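None of the values given here were measured: they were computed from a predicted structure.
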There are 2 protein chains.
Amino acid sequence: MPPQPARRSERSRRAILAATQELLTESGYAGLTIESIAARAGVGKQTIYRWWRGKGAVVLEAIAEHLPEATALPDTGDLRADLRGVVRATVAEFADTGASAVTRTLTVEILVDDELAGEVRDRLLRPRLEGVRARLEAARAAGQVRADAPLDQVVELVFGPVYHRWLLRTSPFTESYADALAKLVMTAVTPAGR
Amino acid sequence: MPPQPARRSERSRRAILAATQELLTESGYAGLTIESIAARAGVGKQTIYRWWRGKGAVVLEAIAEHLPEATALPDTGDLRADLRGVVRATVAEFADTGASAVTRTLTVEILVDDELAGEVRDRLLRPRLEGVRARLEAARAAGQVRADAPLDQVVELVFGPVYHRWLLRTSPFTESYADALAKLVMTAVTPAGR
DNA sequence: CCTATATCGATACGCAACGTTGCTCACCCG
DNA sequence: CGGGTGAGCAACGTTGCGTATCGATATAGG
C-alpha cells in the first residue's frame, strides 16, 4: 500500500516516531494529533499520511520500535514465582503514568479501527500472551498444571483482570494485588491433590 | 450544576435518549455525534449541552434508562450453575452487535473522560460486580468458597477475561468458552479437598 | 388569568483537527 | 542531464465541537 520504500527518508521516519513518543508521555492523549506530531517532527503532514494509515498506526510503530525482545518468560522451574513475575510487571506497567497514556491512546484507536486492532493484537499482544502460554505448557509437561486446563483461557485469566481494573479504575494497582492475582491463577491451574 | 429542572421538557429529554439509542444501534460509533443526535431528536444542540456534559453522559443515561433492575444473581444453591449463568449472559452481551456498539462508544468515552469513567463505574458496573460478589459471599458462608479468597478479585476474574477477549478480539465468543471460564473460576475458588 | 422568565428549536459562529491537494526543491537513477 | 519521486510547506474544504444568540413558547407564581 505505501509507495516505494526505497526512497523513504529514514530521518523523517525516526523524527516522527520520536515526536510521537515525546508528545504521548508529555501531554497524554489530548496532546497527540497528526498535526502536532508533524509540527514537532518538523515534517509535512503528508509524509505521515503517505506511510501510515492514521494516528493509531503511528503509535503502534512508535511502541514496536523500542519494544523489548524478551517475549519469553524466565523458567525457574517454579511456576508460581514466574507467574508472579509477569503479573507484577504487567501491573507495574499499567500503574505507570507514561505507559498508561500510550496504552490509552492505542486502546481508543483499537476500538474505532478494526484493522488496526488486528495489527496491535498480532504484533504487540500475541507475543506476550504466547510467552505466558509457552511457560504454562512447560509447566503442564512437568505435571504442575492440570492436563485439561484450556491454556489460552488461562492466559486471559492472567491479563484480563488487570485490563478490567485499569479500564474501569475500580481499585488501585498494588504489588499485593498482583501477588493475589497470581495466586488465584495458580489455584485455578494446579492439579488436584497438590 | 444543570439549570432548573422544573421547567425541563420531558418530551425533549426522551427524544434525545431515544435518538441516541437508535443511532448507536444503527450506525455504531461512527454515526453518533451530538449534532446527529440533535437532528434526529428534533432538538437544538444547546438543549443537549444544557443538560449533559457531552456525548458520553448522554449515552450513559440512554443505557441507564432501559436498564434491567435485576442486579442480584439467582441463588440456586449451586454456585457453579449460577456462575455459569452470569458468564453466559455476559458473553452473549458482548457477542451481540448492537450491545457491543454501545459498549464500544462508552468505553472510548471512559478512556478520555475521567469523571465519566467514575459515573459509569458506579452506576453501570458496580451493581453487576456487587451482584456477583454477594453471590460469592453467600457461597463462602456455605463453605463452597475458600475462606481466604479475595472476593473483589474473584469478581474481576469473572469479568476481566471477557473484557480482554472483547477488547483485543483474540477469539470468538462461544458458549463453550463461557462455560470453560466459569469452570476455571470455580476451580480457583473451590476449597481444597472438594 | 396574567406576566415574567427560563427553556425551547434553530441557526450562526469560531475553533480545532482531519485528510487532501498543489507547489517547489532535492535527490536518485538511467 | 532529464524524468521521477519523496520531501517540506501551505492552503483548502469538511466535519464536529462547544458557545452564543434569537424569537417563540410554555410554565411557575402571583
Side-chain angles (χ1 to χ4, degrees), chain A residues 1-20 23-24 26-61 104-106 108-113 115-116, chain B residues 1-20 22-24 26-61 104-106 108-116:
Chain A
M1 176 76 42
Q4 318 191 179
R7 323 199 64 172
R8 181 171 187 180
S9 160
E10 178 65 16
R11 189 186 197 293
S12 300
R13 184 180 155 275
R14 300 207 65 84
I16 289 167
L17 297 181
T20 302
L23 287 169
L24 261 178
E26 281 172 22
S27 20
Y29 180 73
L32 194 77
T33 67
I34 292 282
E35 308 206 313
S36 69
I37 296 175
R40 169 77 66 112
V43 147
K45 276 201 292 179
Q46 192 49 242
T47 305
I48 298 181
Y49 282 112
R50 181 156 28 231
W51 302 105
W52 289 278
R53 284 199 318 113
K55 201 194 315 190
V58 179
V59 174
L60 168 58
E61 191 165 329
R104 181 150 43 238
T105 307
L106 213 47
V108 170
E109 232 59 44
I110 277 178
L111 285 164
V112 171
D113 181 346
E115 194 173 330
L116 179 70
Chain B
M1 179 74 38
Q4 320 192 179
R7 321 193 63 152
R8 182 171 186 179
S9 160
E10 178 66 15
R11 188 187 197 292
S12 301
R13 184 181 155 274
R14 301 207 65 83
I16 289 167
L17 297 180
T20 302
E22 290 171 25
L23 287 168
L24 261 179
E26 280 172 24
S27 18
Y29 180 73
L32 193 77
T33 67
I34 293 281
E35 309 207 316
S36 69
I37 296 175
R40 170 76 67 111
V43 145
K45 277 201 294 177
Q46 194 51 243
T47 304
I48 298 180
Y49 282 112
R50 182 161 19 238
W51 302 105
W52 289 278
R53 286 201 315 114
K55 200 193 317 188
V58 179
V59 174
L60 168 58
E61 191 165 330
R104 182 151 42 238
T105 307
L106 212 47
V108 170
E109 232 60 44
I110 277 177
L111 284 164
V112 172
D113 182 344
D114 277 25
E115 193 173 331
L116 179 70

* Between the base of D:dA20 and the side chain of B:Gln46, is there any donor-acceptor pair under 3.5 Å? -> yes

* Structure fact -> Taking every heavy atom of B:Glu109 against every heavy atom of B:Gly56, the minimum-distance pair comes out as CG-CA, 3.3 Å

* Asked: Whole-Å distance between D:dA7 C1' and A:Trp52 CH2?
  -> 13 Å

Can you check nucleotides 13-17 of chain D for protein contacts, nitrogen or oxygen pairs under 3.5 Å, and list what you find?
from	atom 1	to	atom 2	distance (Å)
D:dC17	OP1	B:Ile34	N	3.3
D:dC17	OP2	B:Ile34	N	3.0
D:dC17	OP2	B:Glu35	N	3.4

* To do: Determine yes or no for a side-chain-to-main-chain donor-acceptor pair under 3.5 angstrom, with A:Ser27 supplying the side chain and A:Leu23 the backbone.
  => yes

* Asked: Do you know the tightest heavy-atom contact between A:Leu60 and A:Leu106?
  -> N-CD1, 4.0 Å

* Structure fact -> So NZ of B:Lys55 and OG1 of B:Thr20: to nearest 0.5 Å the spacing works out to 10.5 Å

* Contact under 4.0 Å: A:Ser12 side-chain N or O vs D:dG8 OP1/OP2 -> yes

* Asked: CZ of A:Arg50 versus C1' of C:dG22: gap in Å, rounded?
  -> 13 Å

* Structure fact -> Rounded to whole Å, CZ of B:Arg13 lies from C1' of C:dT7 at a distance of 16 Å

* To do: Using only side-chain N and O atoms of B:Ser9, determine if any of them is under 4.0 Å from OP1 or OP2 of C:dT7.
  => no

* Spacing between B:Arg8 atom CZ and C:dG9 atom P, to the nearest angstrom -> 11 Å

* **Least distance between heavy atoms, A:Leu116 atom then A:Arg53 atom** => N-NH2, 3.6 Å

* To the nearest angstrom, how far is A:Ile37 atom CD1 from C:dC18 atom C1'? -> 13 Å

* Asked: C:dC18 P sits how many Å from A:Asp113 CG, rounded?
  -> 14 Å

* Structure fact -> Atom CZ of A:Arg7 and atom P of D:dA7 are separated, to the nearest Å, by 10 Å

* Answer with base, sugar-phosphate or nothing: what part of the nucleic acid does B:Gly42 contact at a heavy-atom distance below 4.0 Å? => sugar-phosphate

* To do: Calculate, to the nearest 0.5 Å, the distance between atoms CG and CD1 belonging to B:Leu24 and B:Ile37 respectively.
  => 7.5 Å

* Residue pair B:Arg40 / B:Ala19: nearest heavy atoms and the distance that separates them -> CG-CB, 3.3 Å

